[in-house]
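Reading through the structure tokens given below for one structure.
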Amino acid sequence: MLKSEAKYRIEELKALLWENSRRYYVDNAPAISDFEYDRLMHELEGLEDEWPEFRTPDSPTQKVGSDLDAPVGENAEALAGNDFAKRAHRYPMLSLGNTYSISEVEEFAARADKLLTESFSYCCELKFDGTAICLTYRNGKLVQALTRGDGVQGDDVTENARHISNIPQTLHGDFPEEFEIRGEILMPYAAFDALNKAREENEEAPFANPRNAASGSLKLINPAEVGRRGLMCTLYHIPAQSITFSTHDEALSKAASWGLPVADSRRLCKNIDEIKSFIDYWDRERKFLPYATDGCVIKINELTAQRSLGYTAKSPRWAVAYKFKAEQACTELLSIDYQVGRTGAVTPVANLAPVQLSGTVVKRATLNNEDWMKELDVRVGDFVYVEKGGEIIPKITSVDLSQRHAESLKPVFPTTCPDCGSPLVKAEAEAKWFCTNRDGCPTQIKGKMLHFCSRRAMDILAGESSIEQFYEAGLARCAADLYDISKFQLMSLEGWQDKSAQRFLDSLAESASVPFERVLFAIGIRYVGETTAKALARHFGDMDALAAAAEEQLLEVEDVGEIIARSVYDFFRDPAHIDELARLREKGLQFAVNGSAAALSDALAGKTVVISGNFSISRDAMKDLITAHGGKAGSSVSAKTAFLLAGSKPGPEKLKKCEQLGIPVLTEEDFRAMLPDVPDSPASQAQPEQGSLFEEPTLF
């Protein structure tokens with residue numbers, strides 16, 4: 001490789017790695033696999049070793065991935081602006097060097113043998129797939145909990161940590177006066193499945209994997225909600241500088257005696273053969289654990305040896321992580337179903353001979369779409385490899401052609417809807433086939449009613465089983481029909497009692513106060529999620545103006561492109577939709593914006609405003625105030641930011657970024673002075689600040 005080529009590739013790799021580090025640590029939405037990320041990191045390390053003049057202090061090889069830049073925007077659950085206090089770690093909180101190669105573990109052991117003159121052993125542990133935590137105890141009391149952050153400082157999540165059930169508030173025994181202990185916050189598979197089920201029922205985007213769910217949950221603004229997420233903690237390291245024990249294993253055993261949840265899967269090993277045995281054992285047995293693991297960690301056990309070996313810029317030299325390859329299982333493909341979603345998309349799903357994978361028994365796996373099936377050349381009767389690898393739904397990754405028999409059947413993708421028999425269509429730019437019978441297909445009808453009732457739409461107390469009952473009994477064929485169901489009819493259905501029936505009817509009545517932007521989201525216009533519904537509501541003001549809008553007018557709305565504009569335009573040209581909207585209007589639903597969503601002025605037109613800190617009103621109300629005066633509520637400070645609106649306790653990272661970019665910082669008083677004195681301002685209707693969660697996008 002030429003010098004110029006090496007420099008270009010190093011810069012390219014640095015950009016790729018920092019972008020994907022942000023997606024992993026900050027957004028909790030990784031775009032590439034751990035294996036691919038580590039492959040890119042190793043490539044960069046190799047190039048920097050070969051061309052050291054291109055190694056810079058800001059390289060991902062020299063710094064720990066940071067979670068300090070908060071998840072913000074509509075794909076995050078954490079506190080707006082990450083306004084958790086930043087506190088310095090007493091000792092740097094570094095990451096581990098890792099490998100997928102057992103030969104590199106052998107090299108690690110060989111280096112230790114060469115460099116250490118005293119006899120030593122290894123402490124082997126599981127590598128947990130969660131989010132790092134550092135706990136500080138003083139006089140036996142939990143006084144602080146910090147995330148890893150950037151390794152130098154982390155977010156103070158102490159109050160949230162107090163709500164994790166197995167983190168003790170008080171210790172017992174002969175604990176030191178003050179010490180740190182580090183570990184991982186995990187979400188067990190059972191809690192993860194329950195959380196995602198609830199999110200899907202509420203039309204919220206499910207978490208991709210337990211690690212993302214744990215990380216997002218730890219940074220919720222409401223500590224009580226953290227406690228309801230089913231998180232657990234496992235601890236595995238006390239910094240050697242803060243203790244007087246002679247070995248790592250001894251320190252952890254003592255910590256366990258104080259009541260701390262120390263990992264109990266560790267084993268002392270004398271040589272590389274015993275290390276390999278430990279790795280092989282857990283590579284087989286990890287599938288039966290109730291939580292996610294992604295490898296083994298091998299540490300020098302003696303603390304004097306650890307001190308002797310020291311650290312690199314980002315990792316200890318006395319430890320290495322061996323990462324398992326993504327877990328796979330080979331099983332027989334018994335049949336293929338074709339499922340219809342709420343939007344009419346048809347997805348092929350493989351029915352499998354049951355197989356254990358990542359802590360659960362897998363019986364079904366997605367085949368994504370027709371093109372994917374053709375690429376795999378998958379057939380009914382084949383033995384296929386199934387991989388979870390951090391995904392919610394297991395997927396088939398390949399076919400074992402050596403086990404294919406003559407009777408295997410090549411599947412034929414349907415040309416008609418498997419539910420209603422209507423023709424399927426596929427747009428040129430899309431991979432999925434769609435049922436054309438949008439308002440007559442039973443699955444789509446039930447899906448739309450379920451969406452209408454979801455918490456972030458109309459918040460009506462009717463789940464999947466209730467909607468199924470209403471449909472089968474002929475009580476509801478569209479959302480408007482729900483408002484005509486009587487208490488007598490409910491009581492005639494299996495499982496309904498007086499109390500449950502009344503609660504459902506009360507929730508219908510309460511839905512009349514749901515604001516227009518949520519009504520617009522609830523009616524289920526294709527491609528119109530919560531954000532787009534708010535933008536459309538604020539731009540047009542009421543349902544009539546929106547229904548009368550031409551495509552050119554719809555395109556004037558921020559973030560509305562041609563596909564969304566066409567979908568909205570077509571929706572309001574369908575007589576069935578017009579009829580249903582008329583019925584919903586008669587039931588008293590909100591068909592126009594109220595003060596909190598209405599456009600009040602254009603004082604902030606063209607300005608992107610980022611908020612940070614606490615205000616006299618809630619964050620959501622402050623964002624409504626910005627948009628009501630023509631501005632855009634931004635999620636993070638950038639060169640496009642007009643100004644930072646800083647309340648009390650603003651995030652220091654945002655203030656620092658503003659200083660670097662020369663962006664003005666305004667107080668709430670300064671901000672309000674910019675706005676005209678408009679009656680019925682959203683601020684006048686807002687409730688005092690209680691904290692709020694950012695909303696997850698609804699996926700279609």
Side-chain angles (χ1 to χ4, degrees), residues 33-36 100 129 188-190 192-194 196-197 200 206-210 279-295 323-341 345-419 421 424 426 431-433 435 443 464:
S33 68
D34 287 359
F35 180 83
E36 178 63 15
Y100 292 85
D129 195 11
Y189 290 125
F192 173 68
D193 292 340
N196 268 349
K197 182 179 179 182
E200 288 168 342
F207 283 105
N209 53 52
I279 290 172
D280 290 343
Y281 174 81
W282 282 113
D283 200 5
R284 295 190 306 271
E285 296 299 315
R286 62 187 170 117
K287 66 182 70 174
F288 302 110
L289 291 171
Y291 44 74
T293 57
D294 59 356
K323 299 188 77 170
F324 299 130
K325 293 181 175 61
E327 189 177 344
Q328 283 189 333
C330 187
T331 189
E332 187 178 6
L333 196 165
L334 304 176
S335 62
I336 298 174
D337 291 336
Y338 297 90
Q339 295 185 340
V340 187
V346 176
T347 302
V349 178
N351 297 306
L352 308 168
V355 64
Q356 187 83 19
L357 186 64
S358 297
T360 58
V361 175
V362 173
K363 298 178 182 178
R364 291 162 68 78
T366 182
L367 283 163
N368 293 322
N369 54 57
E370 182 186 26
D371 294 339
W372 182 257
M373 292 170 63
K374 289 179 177 178
E375 185 177 335
L376 287 175
D377 186 27
V378 66
R379 303 181 185 185
V380 175
D382 277 345
F383 280 82
V384 295
Y385 286 99
V386 187
E387 186 176 300
K388 222 169 181 179
E391 299 296 330
I392 304 161
I393 303 172
K395 61 182 179 183
I396 292 174
T397 58
S398 60
V399 176
D400 186 352
L401 296 176
S402 67
Q403 296 194 65
R404 175 171 287 174
H405 50 77
E407 292 77 25
S408 62
L409 299 174
K410 194 166 187 176
V412 178
F413 204 92
T415 57
T416 58
C417 174
D419 192 14
L424 300 183
K426 182 171 73 167
K432 287 186 176 292
W433 289 88
C435 171
T443 301
E464 188 173 350

For the residue pair [X] and [Y], establish whether any side-chain heavy-atom pair is separated by less than 4.5 Å.
{"X": "Val380", "Y": "Leu333", "value": "yes"}
{"X": "Cys417", "Y": "Val340", "value": "yes"}
{"X": "Val378", "Y": "Trp372", "value": "no"}
{"X": "Val362", "Y": "Thr331", "value": "no"}
{"X": "Asp377", "Y": "Asp382", "value": "no"}
{"X": "Asn351", "Y": "Arg364", "value": "yes"}

Write down the atom of [X], the atom of [Y], and the distance for their closest heavy-atom approach.
{"X": "Leu376", "Y": "Thr397", "result": "CD2-O, 3.3 Å"}
{"X": "Tyr291", "Y": "Pro188", "result": "CB-CA, 4.2 Å"}
{"X": "Gln328", "Y": "Glu387", "result": "NE2-OE1, 3.3 Å"}
{"X": "Ile396", "Y": "Ala350", "result": "CD1-CB, 3.6 Å"}
{"X": "Gly421", "Y": "Thr416", "result": "O-CB, 3.5 Å"}
{"X": "Pro411", "Y": "Met373", "result": "CG-CE, 3.6 Å"}

Got a second to check how far [X]'s [atom1] is from [Y]'s [atom2], nearest 0.5 Å?
{"X": "Leu367", "Y": "Asp337", "atom1": "CG", "atom2": "CG", "result": "10.5 Å"}
{"X": "Ser408", "Y": "Gln403", "atom1": "OG", "atom2": "CD", "result": "12.0 Å"}
{"X": "Trp433", "Y": "Thr415", "atom1": "CH2", "atom2": "OG1", "result": "8.5 Å"}
{"X": "His405", "Y": "Arg379", "atom1": "NE2", "atom2": "CZ", "result": "11.0 Å"}
{"X": "Glu285", "Y": "Thr293", "atom1": "CD", "atom2": "OG1", "result": "11.0 Å"}

* To do: Measure from the side-chain N and O atoms of Asn369 to the backbone N and O of Asp371, and report whether any donor-acceptor pair falls under 3.5 Å.
  => yes
* Strictly under 6.0 Å, is that where the ring centroids of Phe413 and Tyr338 end up? -> yes
* Asked: Hey, is Asp129 close enough to Arg286 for a salt bridge, meaning N to O under 4.0 Å?
  ->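 Salt bridge between Asp129 and Arg286, a charged N being under 4.0 Å from a carboxylate O: no.
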* To do: Decide yes or no on side-chain contact (heavy atoms from CB on, under 4.5 Å) for Cys435 and Leu424, but give the supporting numbers first.
  => CA-CA 5 Å; Cys435 171; Leu424 300 183; 4.1 Å; yes
